[in-house]
Each structure stands twice: as C-alpha cells, then as structure tokens.
Undergrad: 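Quick one: the structure is below, questions incoming.
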Amino acid sequence: MTTMTDASVREFKMPDVGEGLTEAEILKWYVQPGDTVTDGQVVCEVETAKAAVELPIPYDGVVRELRFPEGTTVDVGTPIITVAVAGAAAPEAPGAPAEQPQAEPAPAAEEPKPEGRQPVLVGYGVATTSTKRRPRKGPQADVPGPAQAIQAELNGHGGALAEKPRPLAKPPVRKLAKDLGVDLASITPSGPDGVITREDVHAAAAPRAAEPVTEAPAPVPAAAPAAPAPVASYDTARETRVPVKGVRKATAQAMVGSAFTAPHVTEFVTVDVTRTMRLVEELKQDKDMQGLRVNPLLLIAKALLVAIKRNPEINASWDEANQEIVLKHYVNLGIAAATPRGLIVPNIKDAHDKTLPQLAEALGELVTTAREGKTSPAAMQGGTVTITNVGVFGVDTGTPLLNPGESAILAVGAIKLQPWVHKGKVKPRQVTTLALSFDHRLVDGELGSKVLADVAAILEQPKRLITWG
C-alpha cells in the first residue's frame, strides 16, 4: 500500500460514530478511485456494533485510493480513503502504481519512526503514528509512560518493566474483566499482537458461572489455538455458517455481560385489557391523534411511564465501580426492535415529558427508522428502562434480559380473547400477560411488584392514566 505524503492529499479516517466504539465494518463504497467528491458527500456505509451509518467526506477533491474493500472491519482512527483535494494534480488511474512524491531525502537521524498501533482511549480511535507527549516536569521526566512501557515490552526492550508485562486489552475489555472478576493476567490472548478480546474474557468467566468453586481452582492450562473464523458466510450441503459481527455481535456480548453481572428476577401478571383495547379504537378516531400510530403499545408505554412516576426508584442504574445506585430523574424509554441486522433498542429521549400525541409520534418515528435500518448510535444510548413486545410474534410472555445499564425491562405478551370472570360471570375478554425483569441489586421484590401491579391496574382501568398521571 502506497503511503500518501503529498500535502495536497488528505486521508479520511474511520470516525467514532458512536460513543466508545472501537471498530466498524465497511458495508458499501459509494465512490471509486478517480471519482470527484464534494464536502459532505456520502462516500460509504459502515456498520458499527450499534447501527449502520453513512459517512460523509469532509473534503472537495478526487478520490485517489480506497484503503479497504467492502466487508472489512477497520479500527477507529485508521485511514480508509485518500482524496486529492481541489487544486491538486489529477490522480493516477485506478490500479496504476502511485507516483512517489518528489522530495529531498531527509537526514538519517530525522527519519520518521515506523508506524505502529498504539493503545488509545476509547472513543478516540487507534493511533497509527508515534505518540507525542508533553514533557513532564521535575525528576520524573524520564519515567516511561504507559504507552511507552507497552511498546517497549512489544519490542523486547522493556528492562525491568518487561519482567512483568501488563496484559494488553482495550479499556472496555478491562472493565468487563473487572465486572466479571476475571484476572487478565490469567488469560491467553487470542487477538492480534497479543491483545485480549471480549471473547477471551467471557470464555474465562464461563467456567466460574457454570460450576461452583469449593476449593482453590487449579491453574488453567493454556488454551489451544482457536480455528480461524470464516471471513464470510458460506453454505455446505448440511449447514450454513454466518460470521457474528456488527449489531449481532454487540448484542450477544451485551446479553452475556448482562446475564453474568446483574442478578435477574422476573415477575408475571395476567390482566384483562379489554377497556384499554376499546380506548385504542376510540383514540384512532380522535382528531388530535389523526395521522399518528395508535396501538396498544402506545398505552402500555404511557402506563409504564405513570408507574415509574409513582415508583421513581425503579428508574435507576448500578454503578459497580463506585458501588452506588444512580437514580435517574428522566426516562429515556427503550423499545426493543427486531431488524435484519439484529436486535436493537433505540430509546425515546425524555419520554416522561411527552403528551400522548407526542409519545405516539416519537414511537412511530422510532419504529419506522428502525425498520429502514437508519437508527443512529445516539438513539440507542442513554436508555433507562425498556419495553419488549413479544406479543407481536404470538408469544404469551417471556423472561427478558436487561439492557445493560438499566434496572428494568417490561415484556408484553400477545393480547388474546379468553374466558375471564368479569362482574361475577365468565365472559370472553381481551387478556394479556406482562413480565417485568429487574436487577435485584437495586430493585427488591416490593418495588418490582408495585411497578408491575401499577402497569396492570392502568391497563385494566385506563382512566387511571388521568387520576394517577
């Protein structure tokens, strides 16, 4: 690959399109070498661990090189396309070797250091050049920093530091290991350059979760090298293999982390929602709701918001690092959505402040955007409580796993016509089953039961939306 050093050539690097993301897969290129681009023009679509996003180029000019083909996963901060900016010489034809820049050779002592991958903070990408630091004051100026120490270990010149090398892992992986109680030093890394991955941490934590430890565990033998993962899905006569990446990979990791870190409790209640179903039909005819999506989920969402208002302690999160319960004074209501790329949970910001028409409009936009695959990473961040509607699949109920960072999730089952005792007589009524899963570290049985009972009471008598709201 030719390195572009001409001052008129700009490199566009893979940005962090969502808070804390470290990589993205290039799904589709919209330009090719030789194409003219303008500032703000979309040049490619990438899939992160949270969503598919279109990337605009911030330059005017002509495309010189696409650094990676479609289907490649690239670290944040890595150049993916080079552009000869307006006024530069015309680029070479695609496939032709790039000309070497005309420049005087620099003295040997001033030659740049070879590029190398430096550990960086989450959200700031991966540096591909030597790290510059401000000089330290006082006698500590010669003490190597963490990046230099790690680089020295990789080069085999770490001196005393190399005797006890620090395991290489990205910050999210270190936090995951801390949450799961896994010692990084005991893990055999499977990532490139000896970097410990999330899968390595989960693999080390799985045996602990599966078997109770009654005595000091024996040393864990080094794991055998894993078979190389397929780079693309392929079919055989009897099976199909599909690589797990992007949204599906992130969802799998999040659910494993949720299951092994938060003690889940699920409670159930079956409720007569006949009056709610009647109200849905009436609202569809209301002039204030014309053009809006009106369905049972709308009133269930409103019922949950009222229940949270009556029991605000349910709207919280657990801060493991500081051993604190964080009470949220706002509700970002998540709605689980199944998409072709996998399960995503976008949320309605400040849902507690919205009127019923505003909530209906927000729900409609959320569902439409999710189905089109256009949900942004920002829309999936900061959720506080979630609803998952498994009833649309004809399922009665379930025991949903918590969305990481939240304390409760409400599952809504199918609404069916069933025999029900109503006013002393058995009559056909519209009935559904609700399930509330919650984090038992901060939500006890009393609080969880009150929230679930309030939601059920509102759906049975929707006039409580007025008297309680």
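Because only heavy atoms are used, hydrogens play no part in the values below, and waters and symmetry mates are left out as well, while side chains stay in.
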Undergrad: Do T72 and E25 have side chains that approach each other closer than 4.5 Å (heavy atoms only, starting at C-beta)?
TA: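 Not touching, per the 4.5 Å side-chain cut-off.
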Undergrad: Show me the donor-acceptor pairs within less than 3.5 Å that the side chains of residues 328-335 make with the rest of the protein, sequence neighbours left out.
TA:
unit_1	atom_1	unit_2	atom_2	d
N332	OD1	D350	N	2.9
N332	ND2	G382	O	2.9

Undergrad: Filter on side-chain hydrogen bond (donor to acceptor under 3.5 Å, both in side chains), then keep only pairs touching residues 292-304, sequence neighbours left out; what's left?
TA: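 Listed by first then second residue: nothing to list.
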Undergrad: Minimum heavy-atom separation for P357 and L292, please, with both atom names.
TA: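 Between these two residues, the closest heavy atoms are O-CD1, 3.6 Å.
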Undergrad: When you measure from the side chain of D200 to the backbone N and O of S190, does any donor-acceptor pair fall under 3.5 Å?
TA: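 Indeed, once roles are kept as given, a pair shorter than 3.5 Å links the two residues.
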Undergrad: May I ask you to decide if L459's main-chain N or O and T276's side chain share a donor-acceptor pair within less than 3.5 Å?
TA: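 Checking the backbone N and O of L459 against the side chain of T276, a donor-acceptor pair under 3.5 Å is found.
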Undergrad: So, R67 and E65, do they make that salt bridge, N to O below 4.0 Å?
TA: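 Counted as a salt bridge, because a side-chain N and a carboxylate O are separated by less than 4.0 Å.
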Undergrad: Taking all non-hydrogen atoms of both residues, which atom of G383 and which atom of N347 are closest, and how far apart?
TA: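 Nearest heavy atoms, G383 then N347: N-ND2, 3.5 Å.
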Undergrad: Under 3.5 Å, side chain of S407 to main-chain N/O of F438, donor-acceptor pair present?
TA: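 No; zero donor-acceptor contacts below 3.5 Å.
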Undergrad: Tell me the salt bridge (charged side-chain N to carboxylate O under 4.0 Å, His left out) pairs involving residues 368-382, sequence neighbours left out?
TA: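 Listed once each, the pairs are E54-K374.
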Undergrad: Are the side chain of S437 and the backbone N or O of P400 linked by a donor-acceptor pair below 3.5 Å?
TA: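 Here the side-chain-to-backbone pair exists.
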Undergrad: Under 3.5 Å, side chain of N311 to main-chain N/O of A307, donor-acceptor pair present?
TA: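 Yes, the answer is positive, given that a donor and an acceptor are paired below the 3.5 Å cut-off.
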Undergrad: Is it the case that the side chain of T78 and the backbone of V74 share a donor-acceptor pair, with hydrogens and angles ignored and the cut-off at 3.5 Å?
TA: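 No; zero donor-acceptor contacts below 3.5 Å.
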Undergrad: Flag the pair V280 / V294 as yes when at least one side-chain heavy-atom distance between them is below 4.5 Å, and no otherwise.
TA: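 Side-chain contact under 4.5 Å: yes.
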Undergrad: Looking at side-chain heavy atoms only, is the closest gap between V37 and V63 below 4.5 Å?
TA: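 Touching, per the 4.5 Å side-chain cut-off.
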Undergrad: Which pair of heavy atoms, one from P69 and one from W29, lies closest together, and at what distance?
TA: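 Where P69 meets W29 most closely, the heavy atoms are C-NE1, 4.2 Å.
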